Amino acid sequence: MKNAILLSSLAALTLSACGEPAAEPVEEAKLGDYSAIGTEPGWTVEIKGEEIAFTTQESNDFKLPVYRMKKTGTGWEVKGFSDSHNINIYITSDEKCSDGMSDRSYADTVKVEASDSGTLNGCGGTITEGPDGAP
């Protein structure tokens, strides 16, 4: 008798779980092609497709596949790594930024944590003021 009660309870739980729709797979957003620069020391980041290219004045240059691209509440996080290099890119969207060396202002602020280069700060996205940008 105990087995019958246990089995009927288990069957009821199984049937109630079947009524819930299956969760949709999570599809991460894509940033698209993106450029960022920094000064003191000079560096650039280019994100094109599924690849990150990082260059510096000190020749700590490398290319990595994008491991993760995540939309956040304030912008984007992009990460890449290999056996010899890694990079974390944090983009704060719509936070005006000046590169400090030219008369250009950019739409976003960018922080980069890169192997052999430490933490670097700069600007990225659309040029909003100055040469090649809006007045």
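Keep in mind the model is a prediction, meaning the values are calculated, not measured. FYI, side chains are in, hydrogens and waters are out, and symmetry mates aren't considered; it's all heavy atoms of this structure.
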Validation: residues 79-87 side-chain donor-acceptor distances under 3.5 Å, sequence neighbours left out:
residue: S82; atom: OG; partner: S84; partner atom: N; Å: 3.3
residue: S82; atom: OG; partner: H85; partner atom: N; Å: 3.2
residue: H85; atom: ND1; partner: S115; partner atom: OG; Å: 3.2

Completion exercise
Applying salt bridge (Lys or Arg N to Asp or Glu O under 4.0 Å) to E46 and not counting sequence neighbours gives none

Problem - Heavy-atom closest pair, residues C123 and Y106 - result: CB-CD1, 3.5 Å

Exercise for the section: Would you please name every residue forming a side chain to side chain contact (heavy atoms under 4.5 Å, CB included) with L31, sequence neighbours left out? Expected result: Y34, I47, M69, W76, V78, I91

Exercise for the section: Sort and list the pairs that fulfil disulfide bond (SG atoms under 2.5 Å apart) and have at least one residue in residues 65-96, not counting sequence neighbours. Expected result: none

Exercise for the section: May I ask you to test the V112-N88 pair for a side-chain heavy-atom distance under 4.5 Å? Expected result: no

Exercise for the section: Give the C-alpha distance, both sets of side-chain angles, the deciding distance and a yes or no for side-chain contact (heavy atoms from CB on, under 4.5 Å) between V110 and N121. Expected result: CA-CA 6 Å; V110 179; N121 294 300; over 6 Å; no

Handout entry: salt bridge (Lys or Arg N to Asp or Glu O under 4.0 Å) partners for K96, two or more places apart
Key = E129

Exercise for the section: Would you please name every residue forming a side chain to side chain contact (heavy atoms under 4.5 Å, CB included) with T119, sequence neighbours left out? Expected result: K111, E113

Handout entry: Validation row: S98, R104 side chains within 4.5 angstrom (heavy atoms)
Key = no

Practice task
Quick one: list whatever passes side chain to side chain contact (heavy atoms under 4.5 Å, CB included) with S117, sequence neighbours left out.
Solution key: F54, T56, N60, A114, L120

Handout entry: D33, CG: over 12 other non-hydrogen atoms inside 6.0 angstrom
Key = yes

Practice task
Quick one: list whatever passes side chain to side chain donor-acceptor pair (under 3.5 Å) with S105, sequence neighbours left out.
Solution key: none

Fill in the blank from the handout: Here the gap from D116 atom CG to S59 atom OG, rounded to the nearest 0.5 Å, amounts to 12.0 Å

Problem - For Y90, the rest of its hydrophobic cluster, which grows through side-chain links under 4.5 angstrom - result: none

Practice task
Please identify each residue that fulfils salt bridge (Lys or Arg N to Asp or Glu O under 4.0 Å) with E50, with sequence neighbours left out.
Solution key: K30

Practice task
Output every pair passing disulfide bond (SG atoms under 2.5 Å apart) with a member in residues 35-81, not counting sequence neighbours, ordered by first then second residue.
Solution key: none

Handout entry: Euclidean distance, I37 CD1 relative to S102 OG, rounded to 0.5 Å
Key = 6.0 Å

Handout entry: Partners passing side chain to side chain contact (heavy atoms under 4.5 Å, CB included) against E95 (at least two apart in sequence or in another chain)
Key = T92, T109

Exercise for the section: Heavy atoms only: give me the nearest E51-V66 pair and the separation to one decimal. Expected result: N-CG2, 3.9 Å

